[in-house]
Structure formats: structure tokens, C-alpha cells
Amino acid sequence: MSQSSNLRAEDVIAWADACWGSSCACGARLVGTDAVLSLLLGYKSQPLCIPCLSEAQQEDSQALVRRSLAYMQRLDCYRLGWEHAQKRLAEENGESAPQAPKVAPNQQDPTHRSELAPTSQDAWDAGNMGCGDLVLELRVRLADLAPNDILQVRATDPGAPQDLPAWCRITRNPLVHASHPLYWIQRRDPRADT
Ligand SMILES: [Zn+2]
């Protein structure tokens with residue numbers, strides 16, 4: 001895949017089907033919804049079941065799924081992959097597909113919480129990388145930083161003003177400041193979680 005190519009719905013669907021029936025680290029059998037959430041949250045090398053994702057993200061599984069679904073509403077590739085997985089799961093279970101919970105629209109983004117200039121930062125020019133590729137790469141780059149360090153991201157994709165704040169919320173890496181196409185994202189400090 002070239003760097004400029006975006007994740008497509010068929011890629012997410014193929015990923016969900018490829019993971020289906022494989023084992024989580026805990027031994028649970030993975031289904032497509034686990035696989036799609038794993039991909040969304042950056043666990044591509046080791047897809048996990050939802051309870052294990054919840055533990056890894058240190059977030060209640062209901063809240064994790066709810067926020068991930070809200071995020072996926074704006075990303076067709078993930079949304080269609082999730083819908084495919086739900087449909088197949090319902091067929092497996094002999095039921096009709098459950099509806100995704102409705103989420104409150106347009107919750108305020110705390111993008112202007114701080115006007116302070118970041119003191120410690122690395123910079124990454126993501127160019128016009130879009131949708132899934134951007135957040136997958138972002139996760140890797142943030143992981144290279146020390147907790148509380150700040151990554152300056154330049155992202156010209158037109159979806160970035162919605163997608164990056166949403167990603168920051170679901171992964172709980174604070175978005176310190178946003179002024180499209182520039183974003184300052186702080187690596188979260190796991191020790192601050194209680
Ligand atoms: Zn598991």
C-alpha cells in the first residue's frame with residue numbers, strides 16, 4: 001500500500017473476515033466486531049477481543065464501544081466494516097442485526113482549552129493522508145514519545161478537523177491545540193489514569 005492510499009471499506013471488511021475465528025491473547029474467539037475495533041484503536045498486529053481492548057485502553061468496555069461507534073460514524077471505511085461484522089455476527093447467531101446505539105451529535109471539542117505554546121514537541125507532516133492510515137501512523141508515532149510529550153501534526157486531509165479531535169478523545173491523548181492543518185497532540189500519561 002502506498003503512503004497516500006486511504007483505508008477503504010473493503011479493506012476493513014476483508015480484515016474483519018480474516019480475523020474471524022482467530023484467537024485473542026486471552027484465548028477468546030475473535031469475531032469481526034472485535035477485529036474492526038482493534039484496527040480502529042491501533043491493535044493491528046495483535047487484534048484483541050473487546051474485553052481485552054477495554055483492559056488495554058483502561059476504559060470501561062461500554063464506554064469504549066460507544067465512543068468508538070461515535071467516531072466511526074464519520075469514517076465510512078470503519079462504519080461499513082463494523083456494519084458488515086454485525087450483520088455476519090447476527091447471521092451466525094440466527095438473529096437480526098442489532099442497531100448501533102445513537103450518539104449525541106456535535107459534542108463540543110475542547111480544542112481551544114489551552115493557548116500555551118507546547119514546550120516539548122516533535123513534528124510530523126502527515127500531508128493529505130486520510131482516514132485510517134493517519135490514525136494508525138499517529139498511534140505509532142505517539143508511542144515513540146515519553147508520556148506528556150507533544151507531537152505536532154500537520155494534516156491537510158479535509159476530514160482532519162473532525163477526525164483528529166475524535167481520535168484524541170477515544171484514545172485519551174489530549175489535543176492541546178488545533179489550528180487546521182496543525183494539531184498538537186499530547187501523549188497521554190498512563191499513570192494519570194485512575
Ligand atoms: Zn481477549
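Heads up: numbering here begins at 1 and tracks the sequence. When a ligand or atom number is given, it counts from 1 through the structure's own listing order. The figures here come from the full heavy-atom set of this structure, side chains too, leaving out hydrogens, waters and symmetry mates.
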Flag the pair Val36 / Met72 as yes when at least one side-chain heavy-atom distance between them is below 4.5 Å, and no otherwise.
yes
Answer whether the closest heavy-atom distance between the side chains of Leu37 and Trp82 falls below 4.5 Å.
yes
What's the verdict on salt bridge (Lys or Arg N to Asp or Glu O under 4.0 Å) for Glu83 and Lys87, showing C-alpha distance, side-chain angles and the deciding distance?
CA-CA 6 Å; Glu83 286 171 4; Lys87 201 171 149 203; over 6 Å; no
Which protein N, O or S atoms lie under 2.8 Å from the Zn ion (ligand 1), given by chain and residue number?
Cys24 SG, Cys26 SG, Cys49 SG, Cys52 SG
Mind checking the CG-CG spacing from Leu64 to Leu69? Nearest 0.5 Å is all I need.
9.5 Å
So, for Cys19 and Ala35, which heavy atoms are closest and what is the spacing to 0.1 Å?
CB-CB, 3.5 Å
Are Leu40 and Ile170 close enough, and set up right, to give a side-chain contact (heavy atoms from CB on, under 4.5 Å), and what steps lead you there?
CA-CA 10 Å; Leu40 179 77; Ile170 69 164; 4.1 Å; yes
